[in-house]
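So the structure is just underneath, and the comments pick up after that.
Below, chain A is the first sequence line, B the second, and so on; all start at residue 1.
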Amino acid sequence: MIRDRIEEALGEALREVAEAEGIADFELPEIELTAPPSPEMGDFSTNIALVAAKQANMPPRQLAEAIAEQLRKSKLPLEKVEVAGPGFINMFMASSWFTDTVAEILESGQRYGRSSVGAGTKVQVEFVSANPVGPIHIGNARAAPFGDCVAAMLEATGHEVEREYYVNDGPYNTQALNFGRSIQARYLQALGREVEFPEDGYHGDYVTEMGQGLANEHGEKYADLPLDDEAAYKFFSFLVGEIVQQAQQDLQDFGIEFDVWFTEKSLYDNGDIEREIAGLTGKGMAYENEGATWLRTEDFGDESDRVLVRSDGRPTYIAADAAYAANKFARGFDRLIYIFGPDHAGYVPRLQAVLAACGFDLERVEIIVYQNVRLIRGGETVKLAKRKGQIYSVRDLIDEVGSDVARFFFLMRSNDSHLDFDLDLAVKQSDENPVYYVQYAHARICSIAKQAEARDFEFAPEPQLSLLADPFETALMRKLADYPHELQRAAEARAPHRLTTYLRELTQLFHQFYTNCQVLNADDIAMSTARMALAEATRQVLANCLGILGITAPESM
RNA sequence: GCGCCUGUAGCUCAGUGGAUUAGAGCAACGGACUUCGGAUCCGUGGGUCGGGGGUUCGAAUCCCUCCAGGCGCGCCA
């Protein structure tokens with residue numbers, strides 16, 4: 001990447017200046033290359049002279065001049081290097097650099113933008129992992145495109161990535177049992193028995209339907225089971241497969257394929273949890289008190305120690321999470337990424353303490369929390385309450401606005417920003433909807449190509465890219481050249497929204513180019529060929545970026 | 001009470017240390033091609049970057065403090 005080469009040259013220039021000045025122990029500051037606010041200020045700008053001035057014992061402007069002189073002597077495709085203001089160094093790229101970018105994009109195709117900076121690193125991204133007690137709702141849904149896109153960005157930067165979904169189907173999961181009790185009650189009611197519905201049970205219609213379904217299928221077979229946890233888990237177990245399958249289907253329709261669906265139950269079945277507890281007790285990390293087994297999380301920054309095993313002998317989710325983390329590390333991941341919803345934000349320090357107490361390296365664990373989603377319809381917040389059965393599910397969302405729109409809307413905002421999802425705007429197929437703005441550009445480019453074919457337009461055999469010198473063309477090429485860096489930055493920051501922002505900016509530049517620069521012009525074949533190449537390069541970058549976001553790039557709309 | 005997140009234009013949000021003008025979309029108003037898709041483009045109006053203090057040559061951006069909103073604080077997950 002050109003940025004790497006510039007940064008390298010800057011570092012070298014600075015070192016040479018330092019040497020010439022006889023400065024010992026010169027410490028190279030971090031080099032920042034930014035895009036100046038206006039094109040008159042060049043293509044790249046750096047403040048390095050301002051940062052290093054004190055250390056170099058030189059006035060910033062003088063240092064900047066010295067560095068600029070070195071740059072001018074370098075082999076970089078620079079047309080002009082200027083020192084501006086208090087000591088900024090502005091670099092103006094030679095036009096060959098812009099046109100080389102277009103050639104590179106056309107040559108690399110789908111690979112353009114990808115890098116291998118993460119090569120050799122195995123990462124697991126665990127996300128969604130909703131309690132299997134009903135359809136995946138809008139709150140959990142935000143995790144789906146986010147986690148998927150973080151994974152895709154890591155893949156695009158060379159990491160080896162696995163996407164994983166954790167199914168909380170353990171036998172002591174309170175919510176699973178609660179759900180099971182609700183199913184049992186509905187089942188009995190379907191059989192005409194007088195039973196009271198659990199006060200904190202799940203009231204959704206789907207629960208009633210599931211209870212009815214069991215009654216139809218099994219009749220009285222389970223009618224005389226006691227109303228206890230064991231029975232509740234049995235009822236939960238009847239339905240969990242169906243619920244997980246539904247989740248798989250919904251997420252697949254949302255464009256997400258998980259590599260692994262990991263069940264909490266398996267940790268119980270193969271003894272991992274027991275072993276983990278025994279191991280922790282053996283190391284003195286766990287101890288008995290008031291009949292329960294506690295983990296010494298307070299020693300690792302938690303507010304207090306946490307219960308691993310309840311006084312009645314049942315392990316808690318913390319025991320399961322510890323065993324699960326051990327299992328993950330045993331699978332050879334260099335890095336674990338957990339993606340949590342806002343309801344689990346408070347669990348972050350606790351989980352970190354748990355993992356530390358278990359002896360895992362927190363440097364290798366990353367926990368990303370995303371914020372709430374509010375549904376807006378008709379300008380009003382849509383009120384939802386899962387327990388009361390007022391659900392808006394991923395299925396509802398995909399059916400109502402489609403996967404592309406839903407993904408784009410979710411990915412448009414930073415994960416730690418609260419998200420207002422405007423359903424009215426999302427369903428609008430108009431200029432108000434930002435998704436179509438981007439997709440339209442892609443379709444438009446495809447349409448130009450189709451036009452050319454329909455008209456038997458004869459392009460030149462090779463594009464003469466040096467013809468691309470109009471400011472609209474230059475601005476577009478400049479943006480295209482940014483893509484690899486933008487992708488890398490977005491991946492490092494785990495920030496998909498940077499890509500949606502980039503896409504909108506790129507799209508805008510394309511539409512401006514389109515409006516001002518006629519692509520197909522029979523009177524100027526050479527120019528038409530060059531512009532068609534630029535349009536095609538733009539299409540490629542749009543498609544590559546949309547691909548990482550998991551959004552389709554339509555040829556027509 | 002404590003913790004996390006947020007507070008930027010009428011609305012929804014980018015920008016999270018650098019340049020006399022803090023950006024985008026939507027909304028409002030006014031314009032544009034008898035040529036490649038008008039789901040487009042151009043222009044206008046609109047901002048004490050929640051308040052105050054501090055660090056710095058420089059703060060929307062870093063630190064402190066206050067205010068407001070959201071969420072969380074279980075032998076639930």
Pairwise C1' distance for B:C26 and B:G1, with rounding to whole Å | 41 Å
Taking atom P in both B:G43 and B:A24, compute the distance separating them and give it to the nearest angstrom.
-> 9 Å
Just checking [X]: base, sugar-phosphate only, or nothing, at a heavy-atom cut-off of under 4.0 Å?
X        : result
A:Glu303 : sugar-phosphate
A:Arg314 : nothing
A:Phe421 : nothing
A:Asp169 : nothing
A:Ala345 : nothing
A:Gln518 : base
A:Cys517 : base
A:His344 : base
A:Ser447 : base
A:Ser414 : sugar-phosphate
A:Tyr514 : base
A:Thr34  : nothing
A:Ala443 : base

Do [X] and [Y] sit within salt-bridge range, that is, some charged N less than 4.0 Å from a carboxylate O?
X        : Y        : answer
A:Lys450 : A:Glu453 : no
A:Asp312 : A:Arg310 : no
A:Arg377 : A:Glu400 : yes
A:Asp420 : A:Arg374 : yes
A:Arg494 : A:Glu366 : yes
A:Arg306 : A:Glu298 : no

In whole Å, I'd like the distance from the [atom1] atom of [X] to the [atom2] atom of [N].
X        : N     : atom1 : atom2 : value
A:Tyr440 : B:C36 : OH    : P     : 10 Å
A:Ile376 : B:U12 : CD1   : P     : 8 Å
A:Leu499 : B:A24 : CG    : P     : 21 Å
A:Asp43  : B:A19 : CG    : P     : 17 Å
A:Asn433 : B:U40 : CG    : C1'   : 15 Å
A:His442 : B:U40 : NE2   : P     : 17 Å
A:Ile448 : B:U35 : CD1   : C1'   : 12 Å
A:Asn516 : B:C36 : CG    : P     : 15 Å

Can you tell me if [X] touches the phosphate of [N], counting only side-chain N or O atoms and a distance under 4.0 Å to OP1 or OP2?
X        : N     : answer
A:Gln439 : B:A39 : no
A:Arg350 : B:G72 : no
A:Gln371 : B:C71 : no
A:His418 : B:C13 : no
A:Arg504 : B:G23 : no
A:Thr174 : B:G74 : no
A:Thr515 : B:C41 : no
A:Gln508 : B:G25 : yes

Consider only side-chain N and O atoms of A:His442 and A:Arg539, and report whether a donor and an acceptor are under 3.5 Å apart.
-> yes
Heavy-atom count check: over 12 atoms from other residues, nucleotides or ligands less than 6.0 Å from [X] [atom1]?
X        : atom1 : result
A:Glu274 : CD    : no
A:Glu288 : CD    : yes
A:Glu555 : CD    : no

5' precedence on RNA chain B between A:Asn521 and A:Ile89 (nearest-nucleotide basis) | A:Ile89
Where each residue is assigned the nucleotide of RNA chain B containing its nearest heavy atom, which of A:Asn168 and A:Thr46 is assigned the position nearer the 5′ end?
-> A:Thr46
Distance-only donor-acceptor test (3.5 Å): side chain [X], base [N]:
X        : N     : result
A:Asn47  : B:G18 : yes
A:Ser311 : B:C75 : yes
A:Thr500 : B:A14 : no
A:Gln512 : B:C41 : no

Contact list for residues 336-349 of chain A, test side chain to side chain donor-acceptor pair (under 3.5 Å), sequence neighbours left out | A:Asp321-A:Tyr347
Is A:Tyr437 stacked on the base of B:A39 when the test is centres under 5.5 angstrom and planes under 30 degrees?
-> no
Closest nucleotide among B:G15, B:A39, B:C36 to the A:Val519 side chain = B:C36
Go through B:A14, B:G74, B:C5 for me and flag the one nearest to the A:Asp416 side chain.
-> B:C5
Each base of RNA chain B marked ( ) or [ ] if paired in-strand (Watson-Crick or G-U under 3.5 Å), | if paired to another strand and . if unpaired gives (((((((..((((.........)))).(((((.......))))).....(((((.......))))))))))))....
